[in-house]
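All values derive from a computational prediction rather than experimental measurement. Letters go in sequence order (proteins before strands), and every chain restarts at 1. Excluded from the calculations below are hydrogen atoms, water molecules and symmetry mates; all remaining heavy atoms, backbone and side chain alike, are included.
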Amino acid sequence: MQQIRELWKKIVEEELEAYGLELLGSNEPIRAAGELTLQKPPKPEMGDIAFPLFTYAKALKSSPQQIAQTLKERLSKRSDLPKGEVLTAGPYLNIKVDVTQLAERLYREVLSEGERFGSNQTLAGKRVMVEFSCPNTNKPLHLGHLRNDALGESISAILKANGAEVHKVSLINNRGIHICKSMLAYQKFANGETPESSGLKGDHLVGKYYVLFSQWEKEDPNAILEAQEMLRQWEEGNPVVMELWEKMNRWTIDGLNQTYAKTGVSFDRYYYESDTYLQGREAVLKGLKEGVFYKEADGSIWIDLSDINLDKKVLLRSDGTSLYLTQDIGTALARHVDWPFDALIYVVASEQQYHFKVLFHVLKRLGCDWAEDLHHLSYGMVNLPDGKMKSREGTIVDADNLFDQLTELAKGEIKAKEREDLVGDVQQTSEAIALGALNYYLLQTTPTKDMVFNPAESISFNGNTGPYLQYMGARIISMLRKGEEEGLTTESLPFDSSLLSLQEERELIKLVALYGEVVEEAAKEFNPALIATFLYDLSRLFSKYYHDHPILKAGEPALVKGRIALVTMVLQVFKNAYKLLGIPFLETM
RNA sequence: GCGCCAAUAGCUCAGUUGGAUAGAGCAACAGCCUUCUAAGCUGUGGGUCAGAGGUUCGAAUCCUCUUUGGCGUACCA
């Protein structure tokens with residue numbers, strides 16, 4: 001589609017310049033008016049490409065309407081005009097492109113490329129590291145993590161589809177005062193409770209004691225002091241504390257891994273804060289020696305960021321312990337050694353924009369020329385319909401709980417439709433629907449924007465939702481299966497795309513052609529929502545098409561073949577695009 | 001206070017090199033199942049694109065100011 005657009009643009013440009021030259025004796029005024037803009041007409045029947053001609057009115061001393069007319073006439077005299085129709089609509093020159101050749105090319109591509117259809121090599125040879133999730137080991141995942149995970153997985157898949165070599169990494173935040181809080185509460189109140197004895201998932205068990213600590217803290221001012229003491233003991237490597245730490249970390253990580261397994265999240269490599277905070281400290285001390293940083297009288301180490309209009313920032317506390325920023329410096333350095341990258345993308349909430357601005361600059365000052373290759377993919381907060389999620393008020397939406405609720409609702413729907421036997425494994429199908437619902441809901445909003453997560457809406461099976469998309473795929477499979485069962489064979493027939501002359505068919509072909517461009521754009525903008533929007537458009541159009549027009553019973557075998565070919569193309573786009581958004585493809589639902 | 005970001009239908013969101021009558025979904029109402037899954041399709045109503053200026057042939061889109069909201073501005077993460 002892109003090539004077709006470029007071709008028409010070039011031709012119209014040539015004609016415009018030739019016209020200008022004849023009329024004015026020079027094509028300078030045309031060029032001065034700027035490059036020809038190209039857009040899409042508001043309605044499909046008006047054509048596929050539109051050239052607004054307002055800008056040339058002055059230079060050509062003529063109305064845009066008149067220019068459009070003249071261009072249309074001039075174009076009709078050209079012998080090298082590509083197939084298609086030239087239209088005028090007031091001040092616009094519109095082109096209705098010929099989709100029959102396009103359809104045949106696309107069909108060949110779909111058949112030969114299969115699951116690679118729509119991907120490209122724009123980022124071939126590029127090594128991109130994507131950091132996301134980064135859980136704490138003191139509590140289970142919540143809704144905010146789910147957006148982070150969905151984005152991280154999706155961006156990774158999108159970059160891969162653009163040819164990049166992608167390395168997914170996570171940083172486990174397993175160290176610090178917040179970790180000690182859950183440990184201390186456990187030591188005090190647990191009586192040796194374990195995931196096995198309690199039947200609780202490990203991360204939820206540890207989270208329970210983190211919550212208990214907060215309650216205790218309110219009643220007893222010593223609580224925080226004891227936690228601080230425990231942190232000191234941890235840093236000294238006190239064996240009792242270390243043992244507890246390792247045990248509870250294992251519980252949490254086991255629990256998190258169960259959640260990841262359900263939600264389709266995985267990593268190529270983990271980093272642990274308990275390792276990287278030491279590396280960060282070394283880097284800061286080295287930077288101090290080299291004069292990049294300076295030391296205050298109390299022993300704390302600072303960087304002056306006035307060169308980028310920011311304040312001073314602490315890198316190492318006066319007692320020598322490290323901060324959030326310190327360990328992120330260590331992590332970045334370690335990663336660049338482990339897997340030298342062309343880009344590192346941090347998928348982290350927008351509230352940390354300032355942090356990353358500082359981090360990137362500190363690395364630059366430390367002499368890392370690759371600091372230029374670091375990007376913060378800053379995504380907005382997830383709010384609830386009645387406001388912010390607040391742990392204090394217990395309005396945090398737990399990830400496991402949410403996923404289970406969605407699964408139950410999907411299950412209920414399958415039962416209500418009496419489709420248990422048809423779908424086979426009801427539990428597995430319900431989980432796939434729940435995951436599709438969740439990922440689509442979280443990815444359909446532009447990443448940078450805050451969003452409202454409406455649980456009731458997310459689980460709805462009507463409208464702009466994951467299950468609606470999954471349903472389209474399942475319907476196509478069902479239809480094709482039915483065709484086979486009825487002994488319909490069209491494989492030997494040639495595909496005559498000129499038979500696809502309905503408005504909807506033209507539109508579907510163009511959308512199939514557009515898919516590859518959307519994949520490229522999504523990578524350029526780090527925006528999976530572009531794919532979500534595209535998928536929904538395709539779904540709606542397809543839904544209407546197959547509702548209004550029979551496929552298997554289209555009549556003439558050649559037409560049946562043509563429509564099945566079209567459906568095959570749409571199906572492949574669905575399958576490929578679902579993967580980029582973490583929506584499981586279901587053959588039956 | 002300062003910095004960054006946002007504001008589009010009752011609600012949730014699309015709408016980017018500035019272009020044609022600002023679009024979807026949900027919710028409401030009204031239709032459509034002896035026919036490829038009705039988890040669907042069709043239709044109706046619903047807008048001062050926060051407000052005011054400016055640039056432009058043309059502004060939801062660019063600039064300025066104002067209002068409202070979010071986030072940040074920690075020897076927290």
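The side chain of A/Phe54 sits closest to B/C57 out of B/C76, B/C41, B/C57. Of the candidates B/C71, B/U17, B/C4, the closest approach to any side-chain atom of A/Thr37 belongs to B/U17. Of the candidate nucleotides B/U16, B/U37, B/A77, B/U37 has the atom nearest to the side chain of A/Thr588. Of all nucleotides listed (B/C26, B/C36, B/C41), B/C41 comes nearest to the side chain of A/Asp548. Between B/C41, B/U12, B/G72, one nucleotide has an atom nearer to the side chain of A/Tyr354 than all others, and that is B/G72. With distances taken from any side-chain atom of A/Arg175 to the nucleotides B/G25, B/A77, B/C36, the minimum falls on B/A77. Nearest to the side-chain atoms of A/Arg475 among the listed nucleotides B/C26, B/C76, B/C36 stands B/C36. Listed nucleotides B/U37, B/C71, B/A24 differ in distance to A/Tyr536; the shortest reach to its side chain belongs to B/A24. For A/Lys544, whose side chain is taken as the heavy atoms from C-beta onward, the closest listed nucleotide among B/U42, B/G15, B/C36 is B/U42.
Nucleotide B/U17 forms a pair with no other nucleotide shown, judged by Watson-Crick or G-U wobble geometry with both contacts under 3.5 Å. Using Watson-Crick or G-U wobble geometry with both donor-acceptor distances under 3.5 Å, B/C49 finds no partner in any strand shown. Base pairing annotation: B/U12 forms a Watson-Crick or G-U wobble pair with B/A24, both donor-acceptor distances under 3.5 Å. B/A7 is paired with B/U67 under the Watson-Crick or G-U wobble criterion, all donor-acceptor distances under 3.5 Å. B/C62: Watson-Crick or G-U partner is B/G54, with both key distances under 3.5 Å. Figure legend. B/C2 is base-paired to B/G72; pairs are counted as Watson-Crick or G-U wobble with both atom distances under 3.5 Å.
Counting non-hydrogen atoms under 4.0 angstrom, A/Thr445 reaches the backbone sugars and phosphates but no base. Within 4.0 Å of A/Ala89, counting heavy atoms only, lies at least one base atom of the nucleic acid. Among the heavy atoms of the strands lying under 4.0 Å from A/Gln352 is at least one base atom, whether or not backbone atoms are also near. Among the protein residues, A/Tyr546 comes within range of the nucleic acid bases, having at least one heavy atom under 4.0 Å from a base atom. Using a 4.0 Å heavy-atom criterion, one finds that A/Ile551 contacts the bases of the nucleic acid, with or without backbone contacts as well. Across all strands, A/Tyr324 comes closer than 4.0 Å to base atoms (heavy-atom distances). Nucleic acid contact class of A/Arg481 (heavy atoms, under 4.0 Å, all strands): none. Heavy atoms of A/Ala529 sit nowhere under 4.0 angstrom from any nucleic acid atom. A/Ser460 comes within 4.0 angstrom of nothing in the nucleic acid, heavy atoms only. Across all strands, A/Lys357 comes closer than 4.0 Å to no nucleic acid atom at all (heavy-atom distances). Across all strands shown, A/Asn94 has heavy atoms under 4.0 Å from base atoms, whether or not it also approaches the sugar-phosphate. Within the 4.0 angstrom heavy-atom criterion, no nucleotide atom of any strand lies near A/Pro64. Counting non-hydrogen atoms under 4.0 angstrom, A/Pro42 reaches a base of the nucleic acid. Across all strands shown, A/Ile476 has no heavy atoms under 4.0 Å from either base or sugar-phosphate atoms.
A/Arg475 and A/Tyr546 share a donor-acceptor pair across their side chains, judged by distance under 3.5 Å alone. In the model, A/Gln352 has a side-chain atom that pairs as donor or acceptor with a side-chain atom of A/Tyr324 under 3.5 Å. Side-chain contact, A/Glu431 with A/Gln427: a donor N or O sits under 3.5 Å from an acceptor N or O. Side-chain contact of A/Thr88 with A/Gln69: a donor-acceptor pair under 3.5 Å is present, judged by distance alone. Side-chain contact annotation: A/Thr252 with A/Thr137, donor-acceptor N/O pair under 3.5 Å absent. Using modelled atom types and a 3.5 Å distance limit, the side chains of A/Tyr441 and A/Asn454 yield no donor-acceptor pair.
With the nearest nucleotide of RNA chain B identified for both A/Tyr468 and A/Glu587, A/Glu587 has the one nearer the 5' end. Judged by closest nucleotide on RNA chain B, A/Met46 is the one of A/Met46 and A/Asn173 placed further toward the 5' end.
Separating the C1' atom of B/A9 from that of B/U56 is a span of 29 Å, rounded to the nearest Å. With P as the reference atom, B/C13 and B/A60 are 22 Å apart, rounded to whole Å. B/U66 and B/A7 have their C1' atoms separated by 14 Å, given to the nearest Å. Rounded to the nearest Å, the gap between the P atom of B/U17 and that of B/U34 is 48 Å. For the P atom pair drawn from B/C2 and B/A20, the interatomic distance equals 38 Å after rounding to whole Å. When the P atom is compared between B/C41 and B/G25, the two are found 8 Å apart, to the nearest whole Å. B/C26 and B/C62 are spaced 33 Å apart, taking the C1' atom of each and rounding to whole Å. Here the separation of B/G3 from B/U21, taken at their C1' atoms, is 41 Å to the nearest Å.
As rounded to whole Å, 14 Å separates atom C1' of B/C11 from atom CG of A/Asn464. What separates NE2 of A/His547 from C1' of B/C36 is a distance of 12 Å, to the nearest Å. Atoms CG (A/Asn454) and P (B/C13) sit 10 Å apart, rounded to a whole Å. Distance, A/His549 NE2 to B/U42 C1': 13 Å, rounded to whole Å.
Residue A/Ser543 places at least one side-chain N or O closer than 4.0 Å to OP1 or OP2 of B/C41. Contact between the side-chain N/O atoms of A/Lys449 and the OP1/OP2 oxygens of B/A7 is found at a separation under 4.0 Å. Dashed line: the shortest gap from a side-chain N or O of A/Thr446 to OP1 or OP2 of B/A14 is under 4.0 Å. A close approach under 4.0 Å does not occur between any side-chain nitrogen or oxygen of A/Tyr379 and OP1 or OP2 of B/G70. Checking the phosphate oxygens (OP1, OP2) of B/A74, no side-chain nitrogen or oxygen of A/Arg317 falls inside 4.0 Å. Dashed line: the shortest gap from a side-chain N or O of A/Ser478 to OP1 or OP2 of B/U37 is under 4.0 Å. OP1 or OP2 of B/C57 has at least one side-chain nitrogen or oxygen of A/Lys58 nearer than 4.0 Å.
Judged by the 6.0 Å and 45° rule, A/Arg175 forms a cation-pi pair with A/Tyr277.
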* Asked: Please walk me through it: do A/Glu484 and A/Arg481 pass salt bridge (Lys or Arg N to Asp or Glu O under 4.0 Å)?
  -> CA-CA 5 Å; A/Glu484 275 173 33; A/Arg481 194 189 295 131; over 6 Å; no
* Evaluate the ring-ring contact (aromatic ring centres under 6.0 Å, His included) criterion for residues A/Tyr440 and A/Tyr536: first the C-alpha distance (whole Å), next the side-chain angles of each, then the deciding distance (0.1 Å), finally the verdict. => CA-CA 10 Å; A/Tyr440 184 77; A/Tyr536 184 63; 7.2 Å; no
* **A/Glu13 vs A/Lys10, salt bridge (Lys or Arg N to Asp or Glu O under 4.0 Å): CA-CA, chis, key distance, verdict** => CA-CA 5 Å; A/Glu13 256 170 356; A/Lys10 190 170 150 271; over 6 Å; no
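Glycosidic torsion of B/C32 falls outside 90° of 0, placing the base in anti.
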